[in-house]
Amino acid sequence: MNDLSPDHLMRLIDDLGDVPVVTDPRIVRRRSRDFFWYSPILYEQLNGKSADLVVSPRDEADVIRVAAACARHRVPITVRAGGTGNYGQAVPLRRGVLLDIMALDGIKWTRPGLMRVGVGAKLNTIDAELQPRGWELRMHPSTKRTATIGGFVAGGSGGIGSVNYGGLREPGNILAARVVTVEEQPRVIELRGDAAQKINRAYGTTGIVTELEMPLAPVWPWIDVVVVFDDFVEAAAFGYEAALADGIVKKLLSPITAPLPSYFGALKPFCPEGKSILIAMIAEPSLESFKSLLGDRGTITLETPTDDSPGQVPLYEYTWNHTTLQVLKTDRSVTYLQCLYPHDRLMEKVVEMRRLFPDEVLQHLEFIRFGGRVTCSGLPVVRYTNADRLNEIISLHEARGVHIANPHVFTVEDGSRYKRADADQLGFKHEVDPYGLLNPGKMRSFVPARP
């Protein structure tokens, strides 16, 4: 599975028939990248990696044709959508075909609280279509305006809305997935219920997903709120209290320490110098209760309806991994971590990590539900010096009970610390990808059963 020879490439293209193909090296290289450069370690490992060609199926029949041709010719396939991931999920390690599934973007059907959708549908487009009917996605990443539903499920974990519903790993957050196998005669498999976890955060290694069935949430008029605090711990403590307040309907609670808000561009006028902030999305009917809970502990500097239409910058694009991106726009010397705080010692550990790394690890938390309990994920901005020090910082967190899902590795096993173990992804990969052609190198424990 090295570079395709010109003859091998032409035989493959001939076998694809009229399925659209791009071989221009400049376009192929550009499409073979994602946001792995958030990590200086991944940048060294992945920069310059590229597929040989981009193939853009128009429908599931095209996907089946591509899968069959690649199986016959033993050509690797890396599935690609919006390419908004940070772990090199969409970067081909062994060249081959980059399968662009953006055209599989139709909403197949909707029912109260449910939808069936093609994997190439953009998250923002889905919500724009559903919200007039009274429904919206339960959760989405901060890249909602460019990410697809398939990319989110295959490479993401949670995001805005996870304070209510947890992550994608929680039972009921993925209802079904339709999967094409990579064999000479591909099969189409329907995974329902817990079996659908076999494709969750698997980086496209466990089958080519063509459709997803997802649950929905009732739509609310959301209000973007910025609350300013003198001290980050105060911001985190209030965020925790608001997260536990079940009667207050919210979608986002993000405490962010100073000086990170000073990098926030258009939001800077609402972020006084030296102050920490809490970014929140609150349902309009709960806004009065939110303010009552806050009291005089913080100052609200922004209160405006959420607007993620073209030309606008919604508040959620300053949270989750967009917080890191806002800093990277100015300072490329930083990177980040992904932490999970213990629910029973949450504030104790927030204070402990702040004392342990007062200036080197700049705290940024996202309140979530994890296994039914309120806790928070930390996405701190780290002042990067070298890989050894970064690994030392990771070890120091782990030794103190703050778990790390390492964003500086590109394999499923090493970077997905918090996945549910119920779904046998390795066993399923043997069933649907016997030649090991799907995103090879991303599931390090897999050894193909067939040559």
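Each residue takes its place number in the sequence, starting with 1. Only this structure's heavy atoms are used, side chains among them; waters, hydrogens and symmetry mates stay out.
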For [X] and [Y], indicate whether the former's side chain and the latter's backbone hold a donor-acceptor pair under 3.5 Å.
X    : Y    : answer
D34  : A90  : yes
E170 : G371 : yes
N439 : T205 : no
S286 : I282 : no
R297 : E234 : no
T301 : F270 : yes
T304 : D224 : no
D194 : P171 : no

Just say parallel, tilted or perpendicular for the rings of F357 and H397, cut-offs at 30° and 60°.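 Parallel.
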Aromatic rings F264 and Y318: how do their planes relate, parallel, tilted or perpendicular, breaks at 30° and 60°?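 Correct class here is tilted.
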Atom pair [atom1]/[atom2] of [X] and [Y] - distance to nearest 0.5 Å:
X    : Y    : atom1 : atom2 : result
L168 : S162 : CG    : OG    : 7.0 Å
S276 : Q363 : OG    : CD    : 9.5 Å
Y341 : Y240 : OH    : OH    : 13.5 Å
I368 : N164 : CD1   : CG    : 12.0 Å

Contact between P407 and N86 at the side-chain level, heavy atoms closer than 4.5 Å - yes or no?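 Of all side-chain heavy-atom pairs linking N86 with P407, none is under 4.5 Å.
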Would you say V409 and Y87 make side-chain contact, with heavy atoms under 4.5 Å?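 Not in contact.
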So, [X] and [Y], do they make that salt bridge, N to O below 4.0 Å?
X    : Y    : value
E352 : R400 : yes
R369 : D246 : yes
E360 : R383 : no
E431 : K198 : no

The test is ring pair (Phe, Tyr, Trp, His ring centres under 6.0 Å); show your working for H364 and Y336 and say whether it passes. CA-CA 10 Å; H364 156 215; Y336 74 114; 9.8 Å; no
Is it the case that over 12 heavy atoms from other parts of the model lie below 6.0 angstrom from the [atom1] atom of [X]?
X    : atom1 : result
E288 : CD    : no
R373 : CZ    : no
W37  : CH2   : yes

How about Y38 and H408: are their ring centres within less than 6.0 Å of each other?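 Not under 6.0 Å, so no.
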The criterion is salt bridge (charged side-chain N to carboxylate O under 4.0 Å, His left out); which residues satisfy it with D18, sequence neighbours excluded?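 Expected list: R58.
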Test side chain to side chain contact (heavy atoms under 4.5 Å, CB included) applied to L42 and V91, step by step: CA-CA 11 Å; L42 291 182; V91 178; over 6 Å; no
So which atom in G83 and which in F35 form the shortest heavy-atom distance, rounded to 0.1 Å?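 Smallest interatomic distance, heavy atoms only, reads O-CD1, 3.4 Å.
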Decide whether S142 and E317 meet the rule of one side-chain donor and one side-chain acceptor closer than 3.5 Å.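 On atom types as modelled, these side chains do not qualify, holding no pair under 3.5 Å.
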Between the side chains of N200 and Q197, is a donor N or O closer than 3.5 angstrom to an acceptor N or O?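 Q197 and N200 do have a side-chain donor-acceptor pair below 3.5 Å.
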Output, in order, the C-alpha distance, side-chain angles, deciding distance and verdict of side chain to side chain contact (heavy atoms under 4.5 Å, CB included) for T125 and D105. CA-CA 9 Å; T125 302; D105 61 354; over 6 Å; no
With salt bridge (Lys or Arg N to Asp or Glu O under 4.0 Å) as the test, pick out the partner of D308 among K122, K144, R145.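 By the salt bridge (Lys or Arg N to Asp or Glu O under 4.0 Å) criterion, D308 pairs with just one of K122, K144, R145: K144.
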